[in-house]
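Computed from a prediction, not measured in an experiment: that's the story for all the values here.
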Amino acid sequence: MSTVATPVGLAKPAEKAAPEEIQNTTHTPSQRYLSTRGGSYGLSFEEVVLKGLAPDGGLFIPEEIPTLPQEWESKWQNLSFSELAFEILSLYISSSEIPSPDLKDIIDRSYSTFRAPETTPLVTLNEKDNLYLLELFHGPTFAFKDVALQTLGNLFEYFLVRRNKGKTGTDRHHLSVVGATSGDTGSAAIYGLRGKKDVSVFILFPKGRVSPIQEAQMTTVLDPNVHCLAVEGFFDDCQDTVKALFADPEINEKLNLGAVNSINWARILAQITYYFHSYFALKKSPTYKADHKVRFVVPTGNFGDILAGYFAKRMGLPVEKLVIATNENDILDRFWKTGHYEKKAVHGVAAEGGITADGAKAHEDGVRETLSPAMDIMVSSNFERLLWFLAYEYASAAGMDDEWNKKQGGQEVESWLKELKSKGGFSVNAETLKLAKKDFESERVSDSQTVETIKQFYSSSSPKGGYILDPHSAIGVAASLRSISRNSTADTHHISLSTAHPAKFANAVDLALKEEQGYTFESVLPKEFIGLESRERKLINVPQGAGWEGVRKIVQEEVEAELKAASASQDEH
Ligand SMILES: Cc1ncc(COP(=O)(O)O)c(C=O)c1O
Ligand SMILES: N[C@@H](CCOP(=O)(O)O)C(=O)O
């Protein structure tokens, strides 16, 4: 097996970026970041992390995907999760930007909050089929988002402490983080940022459309720097509002907006580690042989989790395929089947009563309410990053120079997204779709299949009888079973990502298991959730029709009040 990746762009060692391109920083940049819409702003890793979104509305991508060091497999195979994270992050972040001991400390502190000694354990679901489950929910909020958001919280803090050294009052850089959540990002971001100095955090969630435990996790955090906003509508409305705020230069400049969603490059970067970590864990399984293939199956909504797998693959991790598992909000599955990325499903939207043939509630704009609400997402924000790589690769075939290819990539993405906005969809050509199929496959899993899968793996006839999958993880497992049925299980191993603890989704789990002997939901409940729903809460209800300007007003007023209170308490001391 080759130990060197074939990167997009020509790989350069991390430290060699041109210092003259960097503004506002005294630290040597790790490398150049491009915007998916074509812009290139010469920003350092620190600035990319603090800004979140590029000024042209695009998402930041590293210009080069680093190659793996020689002998990476033998050198890395016995590293702990934190040690491995350090090796991987160091390939992207130069030690002159974050000195190695500091980066190590950020990483160690981020994973010291996890309950599992392996951080993200790999469990065998069915040895006969070589099916494994990567449990990503052992962090503070019981969802995979903790892996990246603990790190991001500590990175924000590190950069702010460094920027604010010796500064007082209004000279201090105050970051106003705004994020959209369908349930999990919100609590993970809040737990990563609560109580941190010089940061306010605003989380927008769709009112009544996150699970009761998720809402309690977010709203029972009473720290003065945490603000939860309940918005009428769906996750996509919250995500659009966040993007509109970022697009407003006035508020952006005044409040220094920061992003916690996976639009923030650091989110993707931190998630790369568990693809490598689980690969090494798999290699230690008795059935794994050197020439075996590995497939990762990922329950997908905003395309952040699976995009980290794509980066791992491009760096050189031997992944045969990345399998996208969607719920009935299947825009990605439809794209991989047809090459059309269209907001509204062409089929299956209910004619009557808003109920689809699969039994889910459908809405006029095409979003369905499913049993896996964290994935009830219409437009996947990180798909834009993959689109850039596809457009770049397609352009590269024309034989022009690399700068031209990159520009071309950005222009193509810009025009696709314009069409998405104006016409509700766009199509790619057959060659581009072929490029997408080279690395990915996709599966759509209905609510009824989700319930069946939860039942199947709980049943005593399952090799891991009594195991309770959360509905999102069950979507991954259902998709894995389909992939297994198409591939020889003798030499293909499936790692299915388990993205949340079942206790977060009582509704779906109860629906699947209520008739099963010996099952009670209470037995699933971690001690951290007991009594959570009856604790004191703090919540701002955004008035209906307030729009993004209404949210802007709330954010502005809350930040002002927070800063005033902080300065008053400073005066007192
Ligand atoms: C539990 C759970 N599973 C899966 C997903 C999908 O992950 P991604 O948005 O990174 O595709 C999410 C959130 O989006 C989630 O909260
Ligand atoms: N499922 C997510 C939606 C936001 O996704 P993100 O990864 O872009 O933050 C959630 O739980 O909030």
Side-chain angles (χ1 to χ4, degrees), residues 14 30 33 44-52 59-60 62 66 79-95 97-116 118-120 134-162 175 177 179 181 184-199 201 203 258-278 302 304-305 307-309 311-312 315 382 497 499:
S30 304
Y33 287 86
S44 64
F45 175 73
E46 172 175 342
E47 287 162 322
V48 159
V49 172
L50 289 177
K51 278 202 180 314
L59 276 63
F60 287 115
L79 296 184
S80 69
F81 191 91
S82 292
E83 288 165 342
L84 193 55
F86 174 74
E87 295 297 332
I88 291 165
L89 267 62
S90 298
L91 295 176
Y92 287 88
I93 308 165
S94 92
S95 59
E97 204 174 348
I98 303 183
S100 297
D102 295 359
L103 183 62
K104 240 185 197 116
D105 176 60
I106 288 169
I107 291 169
D108 286 347
R109 281 189 291 115
S110 302
Y111 299 120
S112 67
T113 56
F114 278 61
R115 294 174 301 279
E118 312 90 317
T119 309
T120 58
L134 175 55
E135 290 184 345
L136 298 170
F137 53 75
H138 296 284
T141 70
F142 296 80
F144 83 95
K145 313 275 176 172
D146 288 320
V147 176
L149 280 158
Q150 286 287 304
T151 315
L152 182 59
N154 289 324
L155 277 172
F156 278 152
E157 183 179 48
Y158 177 80
F159 292 139
L160 290 171
V161 166
R162 192 160 76 177
L175 189 69
V177 162
T181 189
D184 285 334
T185 293
S187 50
I190 287 170
Y191 277 71
L193 289 170
R194 63 187 296 185
K196 294 223 190 284
K197 206 172 159 62
D198 298 315
V199 189
V201 51
I203 298 296
V260 276
N261 282 107
S262 54
I263 52 176
N264 193 318
W265 161 245
R267 282 275 312 273
I268 309 298
L269 177 58
Q271 289 174 177
I272 295 174
T273 306
Y274 50 71
Y275 285 89
F276 281 88
H277 192 257
S278 58
N302 238 356
D305 205 3
L307 189 81
F311 273 86
M315 287 166 75
N382 283 289
L497 272 57
T499 49

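- In plain terms, the two heavy atoms of Asn382 and Ser262 that are nearest each other are ND2-OG, 2.6 Å.
- Of the possible donor and acceptor atoms, one in the side chain of Tyr111 sits under 3.5 Å from a partner among the backbone N and O of Val147.
- Between the side chain of Gln271 and the backbone N or O of Ala148, no donor-acceptor pair lies under 3.5 Å.
- Side chains of Ser90 and Glu87: no donor on one and acceptor on the other come within 3.5 Å.
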Requested in this report: Go through the steps for Phe156 and Leu50 under the test side-chain contact (heavy atoms from CB on, under 4.5 Å), then give the verdict.
Outcome: CA-CA 7 Å; Phe156 278 152; Leu50 289 177; 3.7 Å; yes
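- No donor-acceptor pair under 3.5 Å is formed between the side chain of Thr185 and the backbone N or O of Thr181.
- At least one donor-acceptor pair under 3.5 Å links the side chain of Glu83 to the backbone N or O of Ser80.
- Across every non-hydrogen atom of Leu89 and Ala270, the tightest pair is CD1-CA, 4.5 Å.
- The aromatic rings of Tyr33 and Trp265 sit tilted, their planes meeting at an angle between 30° and 60°.
- Under the 4.5 Å side-chain criterion, counting only non-hydrogen atoms from C-beta, Phe142 is not in contact with Asp184.
- A heavy-atom distance below 4.5 Å is not found between the side chains of Phe81 and Phe114.
- Asp146 places no side-chain N or O within donor-acceptor distance of the main-chain N or O of Ala188, the cut-off being under 3.5 Å.
- Side-chain atoms of Arg115 come within 3.5 Å of backbone atoms of Phe137 as a donor-acceptor pair (strictly under, hydrogens ignored).
- Remark: the backbone N or O of Arg109 is not paired with any side-chain donor or acceptor of Thr113 at under 3.5 angstrom.
- With Arg267 contributing its side chain and Leu149 its backbone, the two residues share no donor-acceptor pair below 3.5 Å.
- Of all the heavy atoms in Tyr158 and Pro99, the pair that sits closest is OH-CD, 3.4 Å.
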